[in-house]
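A short worksheet on the structure shown next.
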Amino acid sequence: MQTHRPASSGQAGPLCLAFRGLMTIRTRFAPSPTGYLHIGGVRTALFNWLLARRHGGQFVLRIDDTDRERHVDQAVEKILDGFRWIGIDWDEGPQIGGSSGPYYQSQRGDHYRRAVERLIASGHVYRDYTTEAQRSAAKKAAERDKRAYRFRKVPLSDHELAQYEAEGRPYALRFQVPLGRTLVLADQIKGDVSFATEEIGDFVIVRPDGAPLYNFASVVDDVDMKITHIVRAEEHLSNTFPQLLVFEALGATLPVFAHIPYVAEPGSRAKMSKRKIADYEKQGVLVYLHQYIERGYLPEAVMNYLSRLGWSYDDSQEIFTRQELIEKFSLDRVNSSPASHDQDKLFWVQGEWMKTIPLDQKVAGVIPFLAQEGLISSEPKPDERSRIEAVVQALGDRLKIYSDILKLGRFFFADAIVHDPDAVKKRLRKEGVAAMLGELETLLHETDPFDVGTLEKAVHEFAEKTGRKMGDVVNPLRVAVTGQGVGPGLYDCLAILGRETCLARLQQTRALLAEPGAA
RNA sequence: GGCCCCGUCGUCUAGCCUGGUCCAGGACACAUGCCUUUCACGCAUGCAACACGGGUUCGAAUCCCGUCGGGGUCACCA
């Protein structure tokens, strides 16, 4: 169900136009370089990117690496590769820089320090000398009493303060939350959300070791980078309220917030969980972008699918080009309830996109998969290339993702024929089939030229002359030369395979049928 | 447990703000039929939902309240 948004919340109102005249829209995505890009993350980035592109603004990429230094480079590179592949380009960020850099949080220490100084000067922040033991005792007590745990400032005498300082006792910096206020967030997707400051504990903004924490660092960055629209996952909705306080304390203009619902696991409304990723994969469901790339999905298709996961334009359009998405995307048509990942739908969208891909491009897309399996050379010669082209052409719409070439077209490239047991059982283990294959061998030996038209005519005449139904000729012949029960048109298969291969495979198949009891 | 968000076919969604045109529309998946040498494509048909309970109203998917369910948050993680 779509919640009602205030009239001013849409992208198209007169109020908005006035607003846009004053400043350009700047959005951002801030991934942690911890691993691969999850499709939920890609969707969040996509919505940010689309919003920026829609309004001629900028999309900023910022690496959220606050307390990790280890081998971030490789992880960042993988994330950037993913964005480049799908076509999400960034105006500022890693590798290209920009006027609000650096774009790695680990390199923004000066910015955080300056902001901290301001907050100390304005009295928003205080030193917390409590120990881990004290806090965990308080948390346990809260849990036992079934209360929420909230840290509040413990008044210290001047004497204590002086003593702790003299001791060099470590302290964290906390934000002192003003009590008795109700914060109202005008979220573009969730609508107005109110939150009492009593519900927010004094939160740490800087750890004793000097590391800034998320609720503080991200606000400082967003202010510095002049981010106007924060579009992020709804798990941050509650975090927004402490952040609102930081924006206010910094004297910054509030950005527009939009919290998008989480991506649920397939067939359910439960949130996708990292722990269950192995289970999803067991069921054949992929959750990382790179897995779709590796299987030969098209970037247009993945973008199209992801855009529709939680967003719709109207009651009928499913297929959108990148340009259409940029023209039609708006936050007010983002759904406020979770969407679950539907790989079948992605597969269908992929199929629709594959239909639009020109032959040359399909051939190029398929080559890496064949080369990887050693079925062709990685730099195919012209004759090899024209063969691939013929196969891709014959495969037609059956080729949904590039890696399908291995499933559907392997027999065109492999030397030995591999018989599918089910197909053999269904089409070949029948009275008289072996003998018929012998006759067909003779027929193919004589058919000349060995092209689609001639072959088709020859097989038709054969069926007519011998009084057989076409299906009873064609199906066994297909299995005999391809090993498969399904595939492109038979005459395409025969012509591409060529006379020599067809005859050799017919012999192999007959030999197989002669073996007693073999499958 | 407190607080916050969310709940329309199995799934993505339209409709909700501005109650009647909705015995709820489209798409994926599934089933059946047609096309067809197989499969795929295409075409046609079918299956299938307003979480539940109250209230307001002549009339509720739509407004209000409650219940249940899902999620988030309550970290010196992000």
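Note on naming: letters A, B, ... go to the chains in the order of the sequence lines (proteins, then strands), and numbering restarts at 1 for each one.
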Distances for protein N or O near nucleotides 68-71 of chain B N or O, under 3.5 Å:
unit_1 : atom_1 : unit_2 : atom_2 : d
B:rG70 : O2'    : A:Y262 : OH     : 3.2
B:rG70 : O2'    : A:R269 : O      : 3.1
B:rG71 : O4'    : A:Y262 : OH     : 3.4

Report, one pair per line, the protein and nucleotides 19-23 of chain B atoms (nitrogen or oxygen only) whose separation is under 3.5 Å.
none

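Sorted by first and then second residue, the ring pair (Phe, Tyr, Trp, His ring centres under 6.0 Å) pairs with a member in residues 181-209 of chain A read A:F175-A:F203, A:F195-A:F241; sequence neighbours excluded. Residues in residues 213-225 of chain A take part in these salt bridge (Lys or Arg N to Asp or Glu O under 4.0 Å) pairs, two or more places apart or across chains: A:R28-A:D222, A:R62-A:D221, A:R62-A:D222, A:R108-A:D221, A:R108-A:D224. Sorted by first and then second residue, the salt bridge (Lys or Arg N to Asp or Glu O under 4.0 Å) pairs involving residues 129-141 of chain A (not counting sequence neighbours) form an empty list.
A:N239 contributes a side-chain N or O that forms a donor-acceptor pair with the base of B:rA78 under 3.5 Å.
Applying the 4.0 Å criterion to OP1 and OP2 of B:rC12, one finds that A:S340 has a side-chain N or O inside that range.
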Report all side-chain donor-acceptor pairs from residues 390-402 of chain A shorter than 3.5 Å, counting only partners two or more places apart or in another chain.
unit_1 : atom_1 : unit_2 : atom_2 : d
A:R398 : NE     : A:G487 : O      : 3.4
A:R398 : NH1    : A:A394 : O      : 3.3
A:R398 : NH1    : A:L395 : O      : 3.1

Under 3.5 Å donor-acceptor pairs involving side-chain atoms of residues 457-472 of chain A, not counting sequence neighbours:
unit_1 : atom_1 : unit_2 : atom_2 : d
A:T466 : OG1    : A:F462 : O      : 2.8
A:T466 : OG1    : A:R468 : NH1    : 3.3

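In this structure A:R478 satisfies the salt bridge (Lys or Arg N to Asp or Glu O under 4.0 Å) test with no other residue, sequence neighbours excluded. Remark: A:F216 engages no residue in a ring pair (Phe, Tyr, Trp, His ring centres under 6.0 Å) (not counting sequence neighbours). Here A:R127 pairs with A:Y129, A:E165, A:Y171, A:L173 under the side chain to side chain contact (heavy atoms under 4.5 Å, CB included) rule; sequence neighbours left out.
Contacts between residues 474-484 of chain A and RNA chain B, defined by a heavy-atom separation below 4.0 Å, involve A:V474, A:N475, A:R478, listed by number.
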Where protein sits on nucleotides 40-45 of chain B, one letter per nucleotide: B base, S sugar-phosphate only, - none, heavy atoms under 4.0 Å = SSS---

